[in-house]
Amino acid sequence: MLTLTENAQTVITGIVDGAQAPQTGGIRISQDLEGAGLNVAVANQPEAEDQVVESAGAKVFLDPQAAETLDDKILDASAQPDGRVDFAIGQQG
């Protein structure tokens, strides 16, 4: 199952709070239609088929394809001074 670094937990919580999402909100990661990339968006709640990863209050909703792709991965994130967020995916050690 996907795990989150402390940085990712902090960044995700900040994104969701900044978007004024409800308490059930989080970020949703979905596989794009061609299967070549991942899309990230704030979601008010998970879709029915989503896998939910929660860590230190940060919630990530994964569509079935993204859940399979990220099953053995670690999600890291960093906020840039210009407001951009960079996500990085690594192997679990």
Side-chain angles (χ1 to χ4, degrees):
M1 180 182 284
L2 177 71
T3 59
L4 309 177
T5 65
E6 286 184 35
N7 286 343
Q9 295 165 2
T10 301
V11 169
I12 290 167
T13 301
I15 291 170
V16 173
D17 289 348
Q20 299 180 340
Q23 186 120 8
T24 57
I27 64 164
R28 184 167 193 267
I29 301 176
S30 58
Q31 193 91 39
D32 70 14
L33 296 178
E34 291 80 36
L38 297 169
N39 300 308
V40 178
V42 175
N44 288 337
Q45 62 191 25
E47 299 289 325
E49 71 280 0
D50 286 351
Q51 179 183 96
V52 177
V53 176
E54 187 169 357
S55 181
K59 295 181 188 120
V60 177
F61 313 136
L62 303 168
D63 80 3
Q65 294 81 14
E68 184 177 329
T69 300
L70 300 173
D71 184 53
D72 60 347
K73 306 291 190 278
I74 297 172
L75 181 66
D76 192 16
S78 59
Q80 304 304 316
D82 63 2
R84 183 179 46 128
V85 173
D86 292 329
F87 288 99
I89 299 169
Q91 286 294 121
Q92 290 183 9

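Remember, it's a predicted structure, so these values are computed and weren't measured experimentally. Values below: every heavy atom of this structure, side chains too, minus hydrogens, waters and symmetry copies.
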| field | Atom pair NZ/OG1 of Lys59 and Thr24 - distance to nearest 0.5 Å | value |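 These two atoms lie 6.5 Å from each other.
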
| task | Please name all residues satisfying salt bridge (Lys or Arg N to Asp or Glu O under 4.0 Å) with Asp86, sequence neighbours left out, ordered by chain then number. | result |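 If we apply the salt bridge (Lys or Arg N to Asp or Glu O under 4.0 Å) test to Asp86, skipping adjacent residues, the hits are Arg84.
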
If we ignore hydrogens and angles and just use 3.5 Å, is the side chain of [X] paired with the main-chain N or O of [Y] as donor and acceptor?
X	Y	value
Gln92	Lys73	yes
Ser55	Ala58	no
Asp32	Leu38	no

Any link between [X] and [Y] through a network of hydrophobic side chains (Ile, Leu, Val, Met, Phe, Trp, Tyr) touching at under 4.5 Å?
X	Y	value
Phe87	Val60	yes
Leu70	Met1	yes
Leu2	Val52	no
Ile27	Ile74	no

| Pair Ile15-Val85, side-chain contact (heavy atoms from CB on, under 4.5 Å): steps then yes or no | CA-CA 9 Å; Ile15 291 170; Val85 173; 4.0 Å; yes

| query | Within a reach of under 6.0 Å around CD of Glu54, are more than 12 heavy atoms found that belong to other residues, nucleotides or ligands? | reply |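 Counting other residues, nucleotides and ligands, CD of Glu54 exceeds 12 neighbours.
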
| field | Whether over 12 other heavy atoms sit under 6.0 Å from Gln91 CD | value |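 Yes, CD of Gln91 has more than 12 neighbouring heavy atoms, counting only those of other groups under 6.0 Å.
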
[X] versus [Y], closest heavy-atom pair with distance:
X	Y	answer
Val11	Ala79	CG2-N, 4.1 Å
Arg28	Ala43	CB-CB, 4.0 Å
Pro22	Asn44	CD-OD1, 3.0 Å
Asp72	Thr69	OD1-O, 4.4 Å

| field | side-chain contact (heavy atoms from CB on, under 4.5 Å) assessment of Leu4 paired with Asp76 | value | CA-CA 6 Å; Leu4 309 177; Asp76 192 16; over 6 Å; no

Please report, to 0.1 Å, the donor-acceptor pairs under 3.5 Å made by any side chain of residues 61-68, with sequence neighbours excluded.
| residue | atom | partner | partner atom | Å |
| --- | --- | --- | --- | --- |
| Asp63 | OD1 | Gln65 | N | 3.2 |
| Asp63 | OD1 | Ala66 | N | 2.7 |
| Asp63 | OD2 | Gln31 | N | 3.2 |

